[in-house]
Amino acid sequence: SIHSNEPPRSAGQAAFFWARCTFSLAVLGFSFAVTLKALFGGQTTMWEGVPATVAVIVFFILMAVVGMLEGMQIAFFAVAKLT
């Protein structure tokens, strides 16, 4: 169990929190659906000879790299504040 120093959320705060989570998941799902439809539909600037499956794999690899770079940026700023 995780211990927090913050007081428990009120019913309104909890509802707002879960509404934001639901909205974020809906936007994420929509953006993935649009992106994958475009990738599988060939509506990209990828080279002509590249199959749609390879384009999707390259997309997810690049998204993973961007996620790692974002995490490293946060870690670098946290370490910089320690000194």
Side-chain angles (χ1 to χ4, degrees):
S1 141
I2 298 174
H3 176 71
S4 175
N5 292 332
E6 295 182 12
R9 292 187 187 108
S10 67
Q13 288 174 328
F16 182 65
F17 171 77
W18 288 112
R20 287 188 315 169
C21 290
T22 305
F23 179 73
S24 294
L25 283 174
V27 170
L28 179 66
F30 177 75
S31 62
F32 267 132
V34 170
T35 301
L36 292 177
K37 183 178 184 319
L39 286 172
F40 283 120
Q43 301 171 334
T44 66
T45 56
M46 188 65 89
W47 298 286
E48 292 293 327
V50 177
T53 307
V54 175
V56 171
I57 292 170
V58 168
F59 169 73
F60 280 110
I61 288 172
L62 291 174
M63 286 291 103
V65 169
V66 169
M68 286 184 273
L69 290 172
E70 287 283 340
M72 286 177 12
Q73 180 183 12
I74 293 168
F76 291 152
F77 278 111
V79 169
K81 281 187 169 184
L82 292 177
T83 58

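- Placement of Trp47 and Val54 within a single hydrophobic cluster is found when ILVMFWY residues are connected by side-chain heavy-atom separations under 4.5 Å, directly or transitively.
- To the nearest 0.5 Å, the span separating CZ on Phe59 from CG on Leu39 amounts to 6.5 Å.
- In this structure, the ring of Phe23 has its center no less than 6.0 angstrom from the ring center of Phe16.
- Residues Leu28 and Ser31 have side chains in contact (heavy-atom distance under 4.5 Å, counting atoms from C-beta outward).
- In this structure, Leu82 CG and Phe77 CZ are separated by 13.5 Å, a value rounded to the nearest 0.5 Å.
- The hydrophobic clustering, which links ILVMFWY residues whose side-chain heavy atoms are closer than 4.5 Å, places Val56 and Phe32 together.
- With hydrophobic clusters built from ILVMFWY side chains whose heavy atoms lie under 4.5 angstrom apart, Val50 does not share a cluster with Met63.
- In terms of hydrophobic clustering, with Ile, Leu, Val, Met, Phe, Trp and Tyr side chains grouped at heavy-atom distances under 4.5 Å, Val58 and Leu36 are assigned to different clusters.
- Taking CZ of Phe76 as the start and CG of Leu69 as the end, the distance is 9.0 Å to the nearest 0.5 Å.
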